[in-house]
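Reviewing the structure listed below.
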Amino acid sequence: MSEQNPVPDDPAPEPPDVFTPSDDDIPPEGLYTRVILWAADLPWWAIILIISIVVVLYSMSTSIAYKNVTRWLTDDPQVKTDDLFDVVQVVGEPSMITGRFVGETGDSVNTVINELLESSIDSEIVTHTGFLVRETPATLTIATDDGGTVHLRKENITAEERTGSGGDIQITVNYVDRVTVTGTLVKQNDDMMRIRTVDEEIDSFDPARVISRTDNADGTITFERDGAVITGILSVLSNINITIKAGEDQTAEYRRDTLEWINVPTLTVAVNADANRRTIAPGDTVRVAFLQGTDIIEALDQLDSLDNVPVPLRYTDGSAQVSLLPYPDLETALAAVGAGEADGLVYLDAGPDRLAVAEWVEANPDAGVVMPDDPRECNKDCEVSFKRLDDTITGVILEEDADTITLQLVAPEYIEIDKNKIVENKRMEPGVCALNNLRGCNEGIFLTLRVTFQAYALALVIGLVVGLMRVQTNPTTIFSKWMNTVLQTISTLYVEIVRGIPLLVILLYAGFVISPRLRDIFGLNLSDEQEAVIGLAFGYGAFIAEIFRAGIQSIGRGQMEAARSLGMSYPQAMRYVILPQAVRVVLPPLGNDFIALLKDSALISVLALPDLLQLGRLYVSRTFRAFEGYNTVAIMYLMMTLFLSMMVRIIERRTRLPE
Amino acid sequence: MSQANEPIIQIDNVHKRFQTLHGTVYALNGVSLNVMPGEVVVVVGPSGSGKSTMLRCINRLETIDAGSITVDGLPLRGARNINKVRAEVGMVFQSFNLFPHRNALDNIILAQRVVRHRRKREAVERAHDLLAKVGIPEKADAFPAQLSGGQQQRVAIARALAMDPKIMLFDEPTSALDPEMIKEVLDVMLDLAREGMTMVVVSHEMGFARAAADRAVFMDEGRIVEEDVPDVLFSTPSHDRTKLFLSKIL
């Protein structure tokens, strides 16, 4: 056996025209195929190992390299990567705590915590001794030895000892005092948590605005600043606020009393007092005065949009002529109007002079000029500029160069708490879902995967049952023939109806039609997630049924006949002969359907489920950053589908029959 | 059960028609045939003459419209458990119909385990014996796709024999084979005939018929035209239709 092919001593040279197959003749396969082939030959444990490595890489997703990639992908992330969770932790310790109460807001007592914690964390268990003054079922009041009085809640007391009797009880208690720490978790390990309780505040401004600077004793610097001039497109103008569009999809709102001046394009109309009631007849000439340098065309356009145009200025195209009379300055123009040279003045200005006509008319009541209406400020979509009031600002300089001064107004404050001392974890929410904060996406990803897997499992069952019902059998009795027809009709109806309705509609049916009916009739309460699973499974069952039917029918009739001729019953033949072969045929389309289902699971966000897409939309609606938000969603889906399609290929390859 | 002097297969005036898009096809028009235990019957005839249909009716892969078929004393029509009858009647197909997802050994074991409920060791032992009997003991682990046509057909025969059938039906077992491989299959069938197996063989292998068959049957248009000892039928047929047919294939 071993010496099968003894090599001749002097082998004859091979004729060159003879085709000799060698490895070189096989065209090289693509990288992807090679990876698949390589992975398909791996044992299962190696595949599990590779999956673990992928998971580890995922969890290392806060590294610098990753940050750079995500910055590149997301332009400028809105979320800080080190914001792990929003937390509210209650820290308690059996000790007596002294602290200075500074103040509290609705949900936090940050100011006082620092002092409390400093005194509490490193202290020994302190006992508290004194005379019992008052005792209720819930509290104790103790007059302490040093002359003070303390009130304690009994639930916080860990140990107590009483001596004496009557009204003179000496009492010693250990009690747990609790403080609540609210903030953003930035770091944690097995023993401690680092929580940022106060967020950093930074302001950057142009050094040219600085009027004066004062160095303070504590190292901070106080700047007196000239108010900033801001220009933008007007969005809302009210008596109290002004809102402008600062950038794409972003608005900024300012109180009007914090502004030194506002320049809004304002249309002012003044008319000759005598001409005010004149009627314009066809053929008349309307003389409109305007100031050289102002935009009269725009002003007339705006005049057109007014409801109550003064009579001398109302003209109709073709029936009255307009002559535009330019004047060099306001004084002469208004004088001309007063003298009757012009019927009216139309004046559009955004500058500081925008109300000058009104002032002039007020100052010269006898000039024969009247203002029919208030000056009309533009209230939307025009360019405005305003200047903020001068202010002072105090902080630590972080960066200073010719163009900008960056000042830290509020330094971030951190608290480190010992995990053992956490009495209660009130809130632990990951930050928003973003590419640089994938933890926030976890919930959505898991929901998407959970719904997909559950729906697919259910759809496989539906599909297999309906698919088997649709397969044409060879009926031998009248009853089985009749049964066959009934089953085929039902299954065909199901497949045709469901395939003809969009999945979104099916999901809405499941959520808003079927589920309420089930609740009313059977008292069955389905969660949103179950509704989504049922809807998706019902919709996909039809497609999977068709795949199974095609797969079963693709197995030749001879296989069934051979199995039956050996004495197997129909179910046995299906179970042992037809289905094992059909599964290999249907595996690729089933895998494709699984991936399609994963993608279509994005539709469940219509049932108000916080799946991956919903989280992405939340991010977009909060930050107005559609690019980053939907990039995140798309990349997450892509990662999942690529991984799954790779798995499908591998499974397909491993179940292939030897040839 | 049937006695040695009673036919093991009784086909009595069987009619079978198929509905097709182009009308009704009468596949069997009053076929009657008795096969005695241990007898080897070869059925010849032109294509469409109803040979295969008759064979398939014997284990009810096709139902009959009129007449009756009795196998081993059990009437097929209305039989409550056709699977019991089928287990006694082995069938070998023209296209082998091995189960491609199982290797040769598993092909032979499957029905023994599922239908006969044999223990695994017993079934494996039987499978190895049968593979040795059909001459390919070394191919136990090969998948059907890795076997030649002749080897596949021999595994198919072994698979049918594993059920210990009383009757073997062969539906053109060598038609899909290369001439070189026909012999190895016919050898197995010859051995089987010598061992006294009751066989109904649809085949045009005159050599096999002469060597092994007790009787040859010529069918045309759903009827049995004539039957006789093979030598007699093939050399001196009495009907013109038989003569015409034989003149074309010989």
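Within every chain, numbering begins at 1; the chains are lettered A, B, ... in the order of the sequence lines, protein sequences first and strands thereafter.
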- Query: Between A:Q572 and chain B, which part of the residue has a heavy atom less than 4.5 Å away: side chain, backbone, both or neither?
  - Reply: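 The answer is the side chain of A:Q572.
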- Message: Is the distance between the ring centroids of A:F594 and A:F453 under 6.0 Å?
- Response: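 Yes, the ring centres sit under 6.0 Å apart.
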- Message: Measuring centre to centre across the rings, with the benzene-like ring taken for any Trp, is A:Y494 within less than 6.0 Å of A:F538?
- Response: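 Yes.
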- Task: Begin with the C-alpha distance, continue with both residues' side-chain angles, and end with the deciding distance and a verdict on side-chain contact (heavy atoms from CB on, under 4.5 Å) for A:L598 and A:Y456.
- Result: CA-CA 9 Å; A:L598 180 76; A:Y456 194 69; over 6 Å; no
Is it the backbone or the side chain of [X] that comes under 4.5 Å from a heavy atom of chain A, or both, or neither?
X	answer
B:F99	both
B:L98	backbone
B:R56	side chain
B:V89	backbone

- Message: To check you understand the geometry: which heavy-atom pair defines the closest contact between B:V134 and B:R154, and what is its length?
- Response: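 Of all heavy-atom pairs spanning B:V134 and B:R154, the closest is O-NH1, 3.0 Å.
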- Message: Run A:R649 and A:R653 through side-chain contact (heavy atoms from CB on, under 4.5 Å) and show every step you take.
- Response: CA-CA 6 Å; A:R649 290 291 168 86; A:R653 177 93 190 158; over 6 Å; no
- Task: Would you mind telling me which of A:M560, A:R564, A:M568 makes a side chain to side chain contact (heavy atoms under 4.5 Å, CB included) with A:V577?
- Result: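 With A:V577 as partner, side chain to side chain contact (heavy atoms under 4.5 Å, CB included) holds for just one option, A:M568.
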- Set of residues satisfying salt bridge (Lys or Arg N to Asp or Glu O under 4.0 Å) with respect to B:R126, sequence neighbours excluded: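 Partners of B:R126 under the salt bridge (Lys or Arg N to Asp or Glu O under 4.0 Å) test: B:D164.
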- Interface residues of residues 581-590 of chain A facing chain B - non-hydrogen atoms under 4.5 Å apart: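 Residues A:Q581, A:R584 are the ones that qualify, each having a heavy atom under 4.5 Å from chain B.
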- Please round to the nearest 0.5 Å and tell me the distance separating atom CG of B:L74 and atom CD of B:E88.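 Reported to 0.5 Å precision, the distance equals 9.0 Å.
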- Query: Yes or no on side-chain contact (heavy atoms from CB on, under 4.5 Å) for B:H15 and B:I64, after CA distance, side-chain angles and deciding distance?
  - Reply: CA-CA 6 Å; B:H15 290 259; B:I64 56 178; over 6 Å; no
- Task: Please determine, among B:K84, B:R159, B:R116, B:Q112, the option with the most heavy-atom pairs under 4.5 Å with chain A.
- Result: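 If we count pairs closer than 4.5 Å to chain A, B:R159 comes out on top.
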